[in-house]
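Read the structure below first, then the notes.
Here is how names work: the chains are called A, B, and so on, in the same order as the sequence lines, proteins then strands, and each is numbered from 1.
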2 protein chains.
Amino acid sequence: MYLRHYWRRRAALRVTVDTVIFTLRERGLHVLLVRRSGEPFKGSWALPGGFVRSSESPSDAAERALGVEAGVRGVYLEQLYTFGEPKRDPRGRVLTVAYYALVSVDQALATGSHAAAASWFPVDALPQLAFDHRMIADYALERLRNKLEYTTVGFQLLPAKFTLGQLQSVYETILGRAVDKRNFRRKIELLGILTPLEERGGERGRPAQLYRFSARRFEKLKDKGILFPF
Amino acid sequence: MYLRHYWRRRAALRVTVDTVIFTLRERGLHVLLVRRSGEPFKGSWALPGGFVRSSESPSDAAERALGVEAGVRGVYLEQLYTFGEPKRDPRGRVLTVAYYALVSVDQALATGSHAAAASWFPVDALPQLAFDHRMIADYALERLRNKLEYTTVGFQLLPAKFTLGQLQSVYETILGRAVDKRNFRRKIELLGILTPLEERGGERGRPAQLYRFSARRFEKLKDKGILFPF
DNA sequence: ACAAAAGTGTTAGAATTACACCCATGG
DNA sequence: CCATGGGTGTAATTCTAACACTTTTGT
């Protein structure tokens with residue numbers, strides 16, 4: 001009994017982090033996957049991640065893994081859920097703290113070239129994934145869709161300067177439906193979280209006004225309970 | 001280098017679960033706290049919880065701790081967040097998967113009598129808590145308030161049979177503001193998730209119609225994206 | 001000149017809010 | 001009879017959704 005108690009207090013598990021990294025590309029929302037170089041699931045596609053070291057917090061570990069495995073730094077990162085079914089990892093007892101990250105189009109370019117073993121997949125055509133990573137990816141997508149409707153996470157997928165057309169297309173792509181251009185612009189205008197720049201941009205057609213996101217104003221809205229209306 | 005790699009792969013952390021248990025009592029929303037019987041923070045109030053054993057999932061561990069420390073079983077339990085700052089526990093590296101639970105008035109009665117070292121505190125008058133438990137409790141309250149507005153978690157705080165007055169008071173208590181009785185009833189009616197019973201109840205005044213929550217109908221609403229309008 | 005995206009108001013319908021009185025019961 | 005909570009409708013306002021044409025640029 002004493003021994004058992006002693007053992008229980010010292011019960012130690014291994015803990016990993018795994019991150020679902022989203023970006024937008026031509027054909028919609030994509031997720032970054034890496035090929036596993038070691039057993040188990042050697043050669044399978046998996047979410048980038050790794051073990052949490054005893055000197056770092058899980059979010060530090062996620063950021064480190066993002067840098068090493070995916071070549072991205074300073075991106076939007078949010079904890080998703082902790083998966084801990086006893087049999088989820090054939091190596092033994094491994095619990096994973098899952099995160100999701102959003103990288104903008106320009107950040108995603110760096111990513112692709114960094115790791116040869118990493119590759120972007122459309123969210124609606126993921127390959128077979130190692131461990132329970134498919135469940136994690138599905139859950140992350142659900143969370144992203146939900147959060148898009150009442151927060152400003154969408155801006156994380158755009159470069160610092162963007163047009164209203166680009167912003168609208170972020171929403172349409174992730175939500176999977178068209179939104180009315182005039183209604184969309186009116187609502188954004190009303191929120192007052194965009195600052196117009198002295199600059200125009202756009203690749204085809206008439207050059208569009210460029211904006212930047214004004215997080216400061218958004219914080220005030222949040223405090224008043226005014227949320228995103230999409 | 002080899003040694004270091006070996007060590008890193010085996011890096012093992014201790015993992016606990018901690019649960020913020022909410023209930024409604026006369027003077028509003030309360031949280032169940034227990035007095036710590038061992039070091040560190042011996043004698044301090046803390047959230048009920050314990051170490052995750054290597055054979056169980058974190059949610060199993062949370063349920064077990066709920067039974068042992070608080071005397072409750074079969075309650076609503078939802079994962080909140082995983083806290084893992086390296087210095088959050090003076091014993092060394094301990095990560096905690098935090099949960100929150102909702103217990104109805106009748107379930108809460110059993111709870112009080114079970115553990116002498118457990119006691120309910122109003123959410124707006126918590127004592128000093130061990131570890132980072134204050135942060136966890138604050139976060140749980142925020143999450144509960146948010147979820148109340150777009151899910152049916154509120155029903156978890158009521159007994160199986162309840163009156164519309166009781167339901168309204170759940171919303172008013174947690175949201176901290178009064179809501180219009182007629183508008184409230186109309187919206188609930190519109191959702192169609194309550195089934196009236198052949199029974200009346202209530203403690204004072206005119207006896208009220210009793211209802212039960214019909215989860216089946218709610219699931220259909222969720223699928224259509226129709227959410228709670230409070 | 002045409003293809004491509006930018007930009008811009010109005011109106012009908014739906015949803016939300018505000019508001020006050022009578023009813024049934026227990027003590 | 002009075003205290004307590006139950007039960008009910010309507011009108012004003014706000015929000016949401018539907019809808020089409022002109023402008024600016026590159027090719």
A:I188 CD1 - C:dA6 C1' separation (whole Å)
16 Å
Looking at B:R145, I want to see if its CZ is surrounded by more than 12 non-hydrogen atoms of other residues, nucleotides or ligands under 6.0 Å.
yes
A:E189 CD to C:dG7 C1', in whole Å, measures 12 Å
Under the side chain to side chain contact (heavy atoms under 4.5 Å, CB included) test, residues paired with A:D124 that sit two or more places apart:
A:P122
Which whole-number value in Å describes the distance from B:L164 CG to D:dG7 P?
6 Å
Applying side chain to side chain contact (heavy atoms under 4.5 Å, CB included), name anything that partners B:A98, two or more places apart in sequence or on another chain.
B:L80, B:F83, B:I136
With under 30° as parallel and over 60° as perpendicular, where do the rings of A:Y150 and B:Y150 fit, or are they tilted in between?
tilted
Would you mind reading off the distance between A:Q166 atom CD and C:dA4 atom C1', rounded to a whole angstrom?
15 Å
Among all residues two or more places apart in sequence or in another chain, which pass the side chain to side chain contact (heavy atoms under 4.5 Å, CB included) test with A:R212?
A:T195, A:L197
Partner set under side chain to side chain donor-acceptor pair (under 3.5 Å) for A:T163, not counting sequence neighbours
none
Can you tell me the distance, in whole Å, between the CD atom of A:E199 and the C1' atom of C:dA6?
17 Å
Contacts of B:Y100 that satisfy side chain to side chain donor-acceptor pair (under 3.5 Å) - sequence neighbours left out:
B:E78
How does protein contact run along nucleotides 8-14 of chain D, one letter per nucleotide 5' to 3', with B for base contact, S for sugar-phosphate only, - for none, heavy atoms under 4.0 Å?
BBB----
Nearest whole angstrom, please: distance from the P of C:dA5 to the CD of A:Q209.
19 Å
Dump the pairs, protein N or O against N or O of nucleotides 25-27 of chain D, anything under 3.5 Å, distances to one decimal.
none

Between atom CZ in B:F184 and atom P in D:dG5, what is the gap in whole Å?
16 Å
May I have the distance from B:K187 (atom NZ) to C:dA18 (atom P), rounded to whole angstrom?
10 Å
Under 4.0 Å, counting only non-hydrogen atoms across every strand here, what does A:G202 touch: a base, just sugar-phosphate, or nothing?
nothing
Quick one: side chain to side chain contact (heavy atoms under 4.5 Å, CB included) partners of A:T16, sequence neighbours excluded?
A:D18, A:F51, A:V94, A:T96
Taking only residues two or more places apart in sequence or in another chain, which ones pass side chain to side chain donor-acceptor pair (under 3.5 Å) with B:Q168?
B:E172
